[in-house]
2 protein chains.
Amino acid sequence: MPAHDTHAEPKYYQVKKKLLNDIAGLKPGHAIAPERELAEQFRTSRTTVRQALTELVVQGLLERAQGRGTFVANPKTTQTLQLNHPLDDIQANDIFPTSTLLTLDIEHADSEVSLRLELRGGARVVRIEKLRLTSGEPMAIETAYVPASRFPYLKRHLKQHKSLYCALREHYGITLSQAEETIETVLCPPREAMLLHTEVGAPMLLLSRRSYADDGTPVEFARSLYRGDRYKFATKHTRPN
Amino acid sequence: MPAHDTHAEPKYYQVKKKLLNDIAGLKPGHAIAPERELAEQFRTSRTTVRQALTELVVQGLLERAQGRGTFVANPKTTQTLQLNHPLDDIQANDIFPTSTLLTLDIEHADSEVSLRLELRGGARVVRIEKLRLTSGEPMAIETAYVPASRFPYLKRHLKQHKSLYCALREHYGITLSQAEETIETVLCPPREAMLLHTEVGAPMLLLSRRSYADDGTPVEFARSLYRGDRYKFATKHTRPN
DNA sequence: CAGTGGTCTAGACCACCTC
DNA sequence: AGGTGGTCTAGACCACTGT
């Protein structure tokens, strides 16, 4: 069958809605029909079926396993991250019981990092990249940058400490007094997709944070990439008066 | 050419990177080569080229116009929305000088709305749906729900007032004292894609808000869908001690 | 080995825009 | 009429998983 009305609902979207209905009652882990079979059922092509499946995977309702099949995913256990006190480590260590150190090295700041840390271009920065996991599943990648010149031997110190903030406090007497954060949607690059077991191009939540010391100088710039199908962020507001 | 190494960088992603390079120096509005021509250039299929183009469009770097071509988009003028004082209207009216009323009616609450407003299932709610624009371009859709029983004649009052909060204050003596907000990524449904001039399935930012009156009862539940390629949200934090 | 998802191809027809 | 993007098709080969 050829095309269709423009501005009508795309065919893949109708397939998606039908699939959504079909999997509504199924338990996590339940296998759904193979893509080729679904294409026959819906009298469409595998490409169209895959487009529908991809959106459902991106929304966290299905999981694909190469060579095995497509399965109903765990209930969208969207974790809620409170944005209230990012200056403590408590939260991170609470939500992510385990984390793997991916990178700990000294690099030359690219233009964005040097801008955010108010350094000259190419200044040396310590880069700390961690993979955060919950119940063994990779969920977020956090990359923090701090000026290397201000914190000599930081790399060494970090090997003995659990957290960056702890090291800053104990070895350099610095407490972070202020922070700005932004949240936006980005598409997952290949390397991060592999580490997080997601698909390349899947929408992710990017939380960027800049933290300041008491003297008002920026001390840390961090980028945290969260799986968009697993997380949401939360804030609370109270009226001043 | 057939396939490729699994876990290698997908071909479309290489095309995307090359295109990114090519458009780096071009001004907004500049037309790029047609899809069929790009497919020849990169010695690949149109499908693959379109996959790369789609990601660039989603990131806000390109714009597609049916029948005309593909063009370099305006610089990613990502607007930053402060999350600090959502209880005032000031912000909304400041950032979005114009807004169109899409819907103003009374409906039966679905399960999510009744849950959030602590109503019984199917209770009647006033639904206010607005399209927010900046410089004539549609940027967000905001849908607010309030219990109909608590605010009689609200529909009528809203026709005379600029804002919901203003009407609540002046006609019912209610000021909102508290609010919770969550931010997550969702995929754009067809109707909203049409209204916002985006693509179906494009990643969007969904901000959900529940506001409480002084007596602690939930008064408003609102869902705001922002174009993911145009917005980011920002918060500031200050250490208590 | 057969079956699954992962990627890519070549080409079709449509709707839209411009000339 | 011709070119553009929008959607869909049928089918190919690959990598991976199970038997």
Side-chain angles (χ1 to χ4, degrees), chain A residues 1-16 19 29-58 61-73 188 190 193-194 197-202, chain B residues 1-16 19 29-58 61-73 188 190 193-194 197-202:
Chain A
M1 194 187 304
H4 42 131
D5 300 320
T6 251
H7 279 166
E9 190 162 89
K11 189 170 201 172
Y12 91 86
Y13 207 85
Q14 299 173 27
V15 173
K16 179 184 171 184
L19 283 170
H30 192 290
I32 69 169
E35 297 176 352
R36 290 163 178 84
E37 197 178 315
L38 290 172
E40 278 187 37
Q41 269 185 42
F42 293 119
R43 303 183 166 282
T44 181
S45 71
R46 198 179 149 212
T47 314
T48 302
V49 168
R50 275 186 65 79
Q51 198 177 353
L53 289 176
T54 298
E55 289 207 0
L56 293 170
V57 167
V58 158
L61 294 164
L62 293 178
E63 281 176 349
R64 289 201 269 226
Q66 180 167 135
R68 294 202 299 129
T70 305
F71 307 88
V72 177
C188 198
M194 203 190 61
H197 300 173
T198 332
E199 311 200 342
V200 179
Chain B
M1 192 189 303
H4 42 137
D5 300 321
T6 251
H7 281 167
E9 191 161 271
K11 190 170 199 171
Y12 92 86
Y13 206 85
Q14 299 173 28
V15 173
K16 179 183 171 184
L19 282 170
H30 193 288
I32 68 169
E35 297 176 350
R36 290 163 178 84
E37 196 178 315
L38 289 172
E40 277 187 37
Q41 269 184 42
F42 293 119
R43 302 182 169 282
T44 181
S45 70
R46 197 180 150 211
T47 312
T48 302
V49 167
R50 273 186 65 80
Q51 197 176 354
L53 288 176
T54 297
E55 288 208 0
L56 293 170
V57 168
V58 157
L61 295 163
L62 293 178
E63 280 176 348
R64 291 201 269 224
Q66 180 168 132
R68 294 202 300 130
T70 305
F71 307 89
V72 177
C188 198
M194 203 190 62
H197 300 174
T198 332
E199 313 201 341
V200 180

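Note that the structure is a prediction, hence the values are computed from the model and not measured.
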Trainee: Please give, in whole Å, the distance from D:dG6 C1' to B:His197 NE2?
Mentor: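 Result: 16 Å.
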Trainee: May I have the distance from A:Lys11 (atom NZ) to D:dA10 (atom C1'), rounded to whole angstrom?
Mentor: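 About 13 Å, once rounded to whole Å.
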Trainee: Return the value, rounded to whole Å, for the distance between atom CZ of A:Phe71 and atom C1' of C:dG3.
Mentor: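 Distance, rounded to whole Å: 12 Å.
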Trainee: Going by side chain to side chain donor-acceptor pair (under 3.5 Å), name the residues that satisfy it together with A:Arg64, two or more places apart in sequence or in a different chain.
Mentor: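 Expected list: A:Thr54, A:Glu199.
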Trainee: Below 4.5 Å, heavy atoms only, C-beta onward: do A:Tyr12 and A:Val49 meet side chain to side chain?
Mentor: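 Of all side-chain heavy-atom pairs linking A:Val49 with A:Tyr12, none is under 4.5 Å.
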Trainee: What nucleotide, of C:dC8, D:dG5, C:dG6, holds the atom closest to the side chain of B:Arg64?
Mentor: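 Shortest atom-to-atom distance from the side chain points to D:dG5.
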Trainee: Any side-chain N or O of A:Thr44 under 4.0 Å from OP1/OP2 of D:dT9?
Mentor: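 For A:Thr44, the contact criterion (side-chain N or O under 4.0 Å from OP1 or OP2 of D:dT9) is met.
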Trainee: Between A:Thr48 and D:dT7, is there a side-chain N or O to OP1/OP2 distance below 4.0 Å?
Mentor: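 It does not, given that no N or O in the side chain of A:Thr48 lies less than 4.0 Å from OP1 or OP2 of D:dT7.
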Trainee: Would you tabulate the nitrogen or oxygen pairs shorter than 3.5 Å linking the protein to nucleotides 2-4 of chain D?
Mentor:
from	atom 1	to	atom 2	distance (Å)
D:dG3	N2	B:Gly67	O	3.0
D:dT4	O2	B:Gly67	N	3.3

Trainee: So if I take every side-chain heavy atom of A:Thr47 and compare against D:dG6, D:dT9, C:dA10, which nucleotide ends up nearest?
Mentor: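 Nucleotide nearest to A:Thr47's side chain: D:dT9.
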Trainee: For A:Leu56 and A:Leu19, what are the C-alpha separation, side-chain angles and deciding distance, and is it a side chain to side chain contact (heavy atoms under 4.5 Å, CB included)?
Mentor: CA-CA 9 Å; A:Leu56 293 170; A:Leu19 283 170; 3.8 Å; yes
Trainee: Roughly how many Å is it from CD in B:Gln51 to P in D:dG6, rounded to a whole number?
Mentor: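 After rounding, the gap between these two atoms is 15 Å.
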Trainee: Using the test side-chain contact (heavy atoms from CB on, under 4.5 Å), find all partners of A:Ala31 that sit at least two apart in sequence or belong to another chain.
Mentor: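 With sequence neighbours excluded, A:Ala31 shows a side-chain contact (heavy atoms from CB on, under 4.5 Å) to A:Phe71, given in chain and number order.
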Trainee: State which of D:dC8, D:dG5, C:dT9 makes the closest approach to the side chain of B:Arg50.
Mentor: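 Selected nucleotide (nearest to the side chain): D:dG5.
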